[in-house]
Number of protein chains: 2
Amino acid sequence: MLEKIKLPTTRNGKATFHLLLRAAELLFLENGYHKTTVADITQKAGVAAGTFYVYFPSKISLYQHLLTDISHSIRKEIAEKIKDKDSRRDKEKEGIKAFLEYAVKNPHMYNIIWESFYIDRALFRDYYESFSRRYVRGLESALKTAEIADVDLEVVSYILMGVTNFVGLKLILDLGDTPKTIESVVDTIMHVLDHGLFSKK
Amino acid sequence: MLEKIKLPTTRNGKATFHLLLRAAELLFLENGYHKTTVADITQKAGVAAGTFYVYFPSKISLYQHLLTDISHSIRKEIAEKIKDKDSRRDKEKEGIKAFLEYAVKNPHMYNIIWESFYIDRALFRDYYESFSRRYVRGLESALKTAEIADVDLEVVSYILMGVTNFVGLKLILDLGDTPKTIESVVDTIMHVLDHGLFSKK
DNA sequence: TCATAAAGTGAATGTATATTCATATAATAA
DNA sequence: TTATTATATGAATATACATTCACTTTATGA
């Protein structure tokens with residue numbers, strides 16, 4: 001399923017390749033995959049239409065490459081930030097914060113990741129299943145030290161992904177009446193994760 | 001932005017109109033908006049290509065109509081099910097369950113709703129903003145009776161929508177290794193909403 | 001500097017598909 | 001019945017756009 005792209009070898013080639021990726025990323029952000037044409041991409045990159053096919057066998061192969069890139073980049077960013085936190089609770093908080101920061105700084109990630117649901121379903125499944133697996137691994141070690149409650153960790157991973165994704169969406173699209181800061185929404189999320197939603201009597 | 005569709009008046013017209021909607025719904029489910037052609041829809045509905053344009057001025061107008069339909073249907077279903085629950089906690093639990101049941105019974109809703117992110121951004125915003133507002137209204141009354149914690153309710157609404165949407169996604173796409181029942185995932189969600197994620201020492 | 005490979009070109013091609021339209025049939029109301 | 005309106009047809013149209021290809025230019029290393 002994954003189409004093979006041709007990596008450039010020379011300095012010039014690498015520059016062109018990079019220009020194409022950056023142009024596509026920006027256009028996918030603004031207009032989505034379907035409304036972005038190969039001609040748009042090559043024009044924005046400042047190269048001829050045919051140049052596109054020097055590196056990418058098809059439009060979708062560029063998309064797949066971009067998604068894989070983003071997927072690695074975001075994992076790395078989160079792993080980096082939580083690695084020196086001690087408790088699972090602090091790792092969780094930092095991970096949520098890192099995800100939201102990444103999302104706000106790279107708002108196109110939603111366009112690229114979510115659109116894979118319609119463009120390449122296998123890629124979509126893969127993305128979230130492996131994200132979930134990584135999450136579960138972390139949660140399992142926290143379960144061993146009794147840091148977290150003994151619940152279905154796979155479901156918990158989807159709960160946590162849902163929370164961060166939807167809150168991130170709100171931030172990026174500025175949904176609702178009042179804009180929020182990352183800090184304030186992280187506080188709200190952590191309140192729920194710390195104490196639940198309902199009042200104790 | 002909302003294109004005006006022409007509603008049928010006669011018995012025959014109504015039947016055709018309905019056939020077109022049902023056919024489109026099924027095809028959008030299977031293949032998504034872009035991979036579904038108007039010809040596919042009319043063929044599945046058993047009418048000529050031109051008939052489509054008797055009722056719908058464009059392909060997107062049919063999509064908008066469908067999304068509006070689903071949006072109303074799901075709200076009604078949830079409102080119906082939670083209305084006789086007393087506590088906010090029970091309303092929440094029942095609402096989450098109703099959403100997941102609806103999603104599993106109508107798995108195409110994700111296709112239709114999420115794809116609006118790429119097809120008609122305004123529709124997407126509208127859908128989640130009004131869903132959020134409705135949520136906040138319910139939570140506000142629970143806040144007055146001190147049933148829930150005093151946190152940013154708008155953010156909480158996105159937290160809850162994120163949880164249900166992502167857990168629903170897991171159920172529908174059968175993500176992960178082990179399939180789950182609606183009951184079991186609702187229990188896990190309620191555990192987190194009742195007690196938070198972390199162990200109390 | 002010459003040979004070979006890599007990179008780049010852009011006009012031409014082919015296909016897919018949303019929409020139109022002139023026309024036909026069926027229903028309805030007067 | 002007849003006039004009018006609603007519904008239905010499907011071939012024709014028009015356009016958008018991914019991809020190809022024959023060719024040129026540039027880089028590299030022997």
Side-chain angles (χ1 to χ4, degrees), chain A residues 1-28 30-66 115-116 118-120, chain B residues 1-28 30-66 115-116 118-120:
Chain A
M1 286 301 112
L2 270 195
E3 290 188 82
K4 194 77 185 155
I5 65 174
K6 188 193 156 301
L7 293 171
T9 57
T10 71
R11 168 186 286 278
N12 272 356
K14 281 175 188 173
T16 302
F17 183 81
H18 192 251
L19 278 173
L20 285 168
L21 279 178
R22 290 284 77 77
E25 197 173 354
L26 286 174
L27 288 166
F28 287 162
E30 237 163 295
N31 311 316
Y33 180 84
H34 284 103
K35 287 187 202 148
T36 299
T37 70
V38 173
D40 291 340
I41 296 171
T42 53
Q43 192 180 357
K44 181 146 204 158
V47 299
T51 305
F52 185 93
Y53 293 92
V54 171
Y55 303 104
F56 304 100
S58 63
K59 184 181 164 188
I60 198 158
S61 67
L62 164 59
Y63 172 84
Q64 290 168 337
H65 186 78
L66 222 44
E115 204 165 13
S116 70
Y118 305 97
I119 296 171
D120 187 335
Chain B
M1 285 299 111
L2 271 196
E3 288 189 80
K4 194 77 185 155
I5 65 175
K6 188 193 156 302
L7 292 170
T9 56
T10 71
R11 168 186 286 276
N12 273 355
K14 281 175 188 173
T16 302
F17 183 82
H18 192 251
L19 279 174
L20 285 168
L21 278 179
R22 290 284 77 77
E25 196 173 355
L26 287 174
L27 289 166
F28 286 162
E30 237 163 295
N31 311 316
Y33 180 83
H34 289 287
K35 287 186 201 148
T36 299
T37 70
V38 173
D40 290 340
I41 296 170
T42 53
Q43 191 181 356
K44 180 145 205 156
V47 299
T51 305
F52 185 92
Y53 293 91
V54 171
Y55 302 104
F56 304 100
S58 62
K59 183 180 165 189
I60 198 158
S61 68
L62 164 58
Y63 172 83
Q64 291 168 337
H65 186 78
L66 222 44
E115 204 165 13
S116 70
Y118 305 98
I119 296 170
D120 187 334

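In what follows, every chain begins at residue 1, and chains take the letters A, B, ... in the order their sequences are listed.
Ring centroids of A:Tyr63 and A:Phe56 are separated by 6.0 Å or more, keeping the two rings apart. Aromatic ring centres of A:Phe28 and A:His34: separated by at least 6.0 Å.
A:Tyr63 places its OH atom 18 Å from the C1' atom of D:dA18, with the value rounded to the nearest Å. As a whole-Å value, the separation of A:Leu7 CG from C:dA5 P is 20 Å. Between A:Tyr55 atom OH and C:dT9 atom P there is a gap of 10 Å when expressed in whole angstrom units. Look at CZ on A:Phe17: it is 16 Å from P on C:dA6, rounded to the nearest Å.
Looking only at side-chain heavy atoms (C-beta outward), A:Val38 and A:Leu62 stay at 4.5 Å or farther from each other. A 4.5 Å side-chain heavy-atom check between B:Phe17 and B:Ile5 finds at least one atom pair inside the cut-off. Counting only heavy atoms from C-beta outward, the side chains of B:Tyr55 and B:Leu7 never approach each other to under 4.5 Å.
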Apply side-chain contact (heavy atoms from CB on, under 4.5 Å) to residues A:Thr42 and A:Leu20 and explain how you reach the verdict.
CA-CA 7 Å; A:Thr42 53; A:Leu20 285 168; 4.3 Å; yes
Provide a list of protein-nucleic acid N or O atom pairs under 3.5 angstrom, restricted to nucleotides 15-20 of chain C.
unit_1 : atom_1 : unit_2  : atom_2 : d
C:dA18 : OP2    : B:Val38 : N      : 2.5
C:dT19 : OP2    : B:Tyr53 : OH     : 3.0
C:dT19 : OP2    : B:Lys59 : N      : 3.0

Extract from the structure each pairing of a protein N or O with an N or O of nucleotides 24-30 of chain D at less than 3.5 Å, listing the distance.
unit_1 : atom_1 : unit_2  : atom_2 : d
D:dA27 : OP1    : A:Asn12 : ND2    : 3.2

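Using a 4.0 Å cut-off, no side-chain N or O of B:Lys14 falls inside it from OP1 or OP2 of D:dT7.
The side chain of B:Thr51 has D:dT9 as its nearest neighbour among D:dT9, C:dG8, C:dA7.
Distance check, rounded to the nearest 0.5 Å: CG of A:Asn31 to OG1 of A:Thr36 gives 4.5 Å.
The minimum heavy-atom distance linking A:Glu115 with A:Tyr33 is given by the pair OE1-N, 3.0 Å.
Across all strands shown, A:Val47 has heavy atoms under 4.0 Å from sugar-phosphate atoms exclusively, and none from any base.
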